[in-house]
Amino acid sequence: MNNVKWYELSGRDPDVVLSSKALITRNLTGYKFPAKMSMEEKDEVIDKVFEALSGRDLEKYLLEGISESDRSDLIDSQVLSERGMFENPEGKAILSNQDRSLSVLIGNNDHIKIKAQASGYTDSVYRAAEETAIELEKKLDIAYSSKYGFLGSSINNTGLGVKLLYTIVIPGIAGTGDGIKAVKQAVTSRDWKIYPFFNDKNVKCDVYVISSTAALGVDESMILDMGKKLIEEIVKIERMCRDNLYKNRPDILENNFYRSYGILYYSKCIDPLEAIDLMGWIRLFHGNEDRSEIDLSDNQINTIISRLLWEIFPMLLLKGEYRSDEKYTAMRIAGILKRKNGQ
Amino acid sequence: MRCYRCGRQIPNNNYTRINGSYFCNDCASEMGFSLFSMDFNSLDGLNQAINAMKELDFANSGIFCANCGTTLNEFENTGTVGCISCFNTFSNEIAKRMLRTYGSDQYAGRAPGEALDYSYESAPSDKPAAKKAKKQTKDITERISKADFGTLSDEQLDEAMKQAVEKEDFVLAARIRDEINSRKGGQQ
Ligand SMILES: [Zn+2]
Ligand SMILES: [Zn+2]
């Protein structure tokens, strides 16, 4: 059985773009929004959505009573991120395909939240999410008004009910003067927003998310176009910044790359915070290394970063401290580095 | 259960009961009632002041959605609504807020059930990988000129051989050929 997950595949512009995601929010008529719903109503909505998508090859999970392994699988695959989801699991359910690239969350803030995700940059995630949305729009009574479009539980989820998210790794921009400030300006001036993936001062991590915000006055294609334009610009600038850093400080970049690689490859215990910092150096020099000595792909680098951000950090957060499980972290990273053929 | 003052849902029975009414802890402390230090029953004198304050600060709390009980206040504080009827009940406020947030209060997207007409990107092309391949071959010729053949794989030697011939560097090509032959010899 093929059990490859979406994040293990490589995508476009993997040196800068970790992942692309599209979220679509929809609600049913005839029910209040989940915050005001009774448990019976929540169960009815789950049944209706399950029924509407029964023709699809999707696995069903009720969050209440979900097994430990399913739960961590859904977190690892970035289907679920909010911890609170598991604190109030009643009346919530997930539908997901096998590689976890498509999922439908039922009964959280809104009745239905569709998520499509892929490695690297691609606008096809929107198409995948829309396909599911259309199926639901045809089969269920979806709350919609010609004035405001798709109605949701908040202003943010009303209108298009569409959000595009791109997770980007930009150590070059972050290491260049006012780089982050300039990018922030460019992004916000186009009605998108940018925020650090890990909003914690203790973590030195150059992973950011850029996200669309528009919901009224524009259509979906304008958001897709703008996302494409922004990503193209950011990828170009990030590569320029990396080249520039390499030109100015080749010795420092080279030395830190090999030192970082050695530490990540051979450590038996490593602090995840140190690991994410070392991965920044790996990323900056990658492409210039001696490939007969070190065989490392963008996909391996991205897999390590994804594992750190989506598996190890959340796990440590649950335990309330970062500095634990250093043995597991070292093992996980070395395992990915030692893979043959870089896939 | 809802707070008598702000109308918000009170989480997990975290209420403060004052003269028979329920308040959320935020409101209770704002009104000067601390959870642990007061005997509320002895504060009858404050009753009037509390009622006056309620009317003053929360003129909006009288407006609420008949279907789900969400108050206008709640919407203004959180931007969330409880049901579809809220969009009618609070239509003015919602329109204002939409304008403020989006610079528009008119939907312009696709209609339900209709696919977006959009030309999506074709299959991903891996530009940086192509760029790296070039760098790699450059590295090989550099390494070869330094004569450390030992670190190169057979495939890399073959590639280097092709390159040397392309560049018409026949001296180098001859050395590579010797290295390849000696490796073959070693295996036999
Ligand atoms: Zn209150
Ligand atoms: Zn309502």
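Side chains included, hydrogens not; waters and symmetry mates left out as well; all remaining heavy atoms used. Letters A, B, ... are given to chains in the order of the sequence lines, protein chains preceding strands, and every chain is numbered from 1. The structure displayed is predicted, hence computed values, not measured ones.
Contacts of I142(A) with chain B are absent, with no heavy-atom separation under 4.5 Å from either backbone or side chain. For K139(A), no part sits under 4.5 Å from any heavy atom of chain B, backbone or side chain. With a 4.5 angstrom heavy-atom cutoff, L140(A) does not touch chain B via any of its atoms. Only the backbone of S146(A) comes within less than 4.5 Å of a heavy atom in chain B; its side chain stays farther off. With a 4.5 Å cut-off on non-hydrogen atoms, A215(A) touches chain B through its backbone and its side chain both. The contact between Y148(A) and chain B is made by backbone and side chain atoms together, counting heavy-atom distances below 4.5 Å. Interface residue T70(B): backbone and side-chain heavy atoms are both found under 4.5 Å from chain A.
Interatomic distance, CG of L224(A) versus OG of S119(B), reported as 10.0 Å (0.5 Å rounding). Once rounded to the nearest 0.5 Å, the distance linking OG1 of T101(B) with CG of D191(A) reads 11.0 Å. Between the CG atom in N156(A) and the OG1 atom in T80(B) there is a gap of 10.0 Å [rounded to 0.5 Å].
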* Check the pair T122(A) / E121(B) against side-chain contact (heavy atoms from CB on, under 4.5 Å), numbers first and verdict last. => CA-CA 7 Å; T122(A) 174; E121(B) 302 259 310; 5.7 Å; no
* **Derivation and outcome, side-chain contact (heavy atoms from CB on, under 4.5 Å), residues E114(B) and I134(A)** => CA-CA 7 Å; E114(B) 281 176 19; I134(A) 287 175; over 6 Å; no
* Trace of the side-chain contact (heavy atoms from CB on, under 4.5 Å) decision for Y107(B) with L160(A) -> CA-CA 7 Å; Y107(B) 181 67; L160(A) 297 175; 3.6 Å; yes
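Heavy-atom pairs under 4.5 Å with chain B peak, among V235(A), I223(A), L151(A), N157(A), at L151(A). Annotation: maximal heavy-atom pairing with chain B below 4.5 Å, among E220(A), K138(A), E135(A), occurs at E220(A).
In this structure, K147(A) and F87(B) have side chains that are not in contact, with every pair of non-hydrogen atoms separated by 4.5 Å or more. Within the 4.5 Å cutoff, no side-chain heavy atoms of Y102(B) are placed close to those of T213(A). Residues K32(A) and N67(B) meet the side-chain proximity criterion, which asks for heavy atoms closer than 4.5 Å. With contacts defined as side-chain heavy-atom distances shorter than 4.5 Å, the pair L216(A)/Q106(B) does not qualify. Side-chain contact between I84(B) and F33(A) is present, with heavy atoms from C-beta onward closer than 4.5 Å.
Aromatic pair Y126(A)/Y118(B): centroids not less than 6.0 angstrom apart.
Residue D141(A) places its CG atom among 12 or fewer non-hydrogen atoms of other residues, nucleotides or ligands, all under 6.0 Å distant. Around the NZ atom of K48(A), the shell of radius 6.0 Å holds no more than 12 heavy atoms that belong to other residues, nucleotides or ligands.
Residues G217(A) and A108(B) approach most closely at C-CB, 3.8 Å, considering heavy atoms.
Comment: E137(A) engages R110(B) in a salt bridge, judged by a side-chain N to carboxylate O separation of less than 4.0 angstrom.
E130(A) places a side-chain N or O within 3.5 Å of a backbone atom of L116(B) that can act as its donor or acceptor partner.
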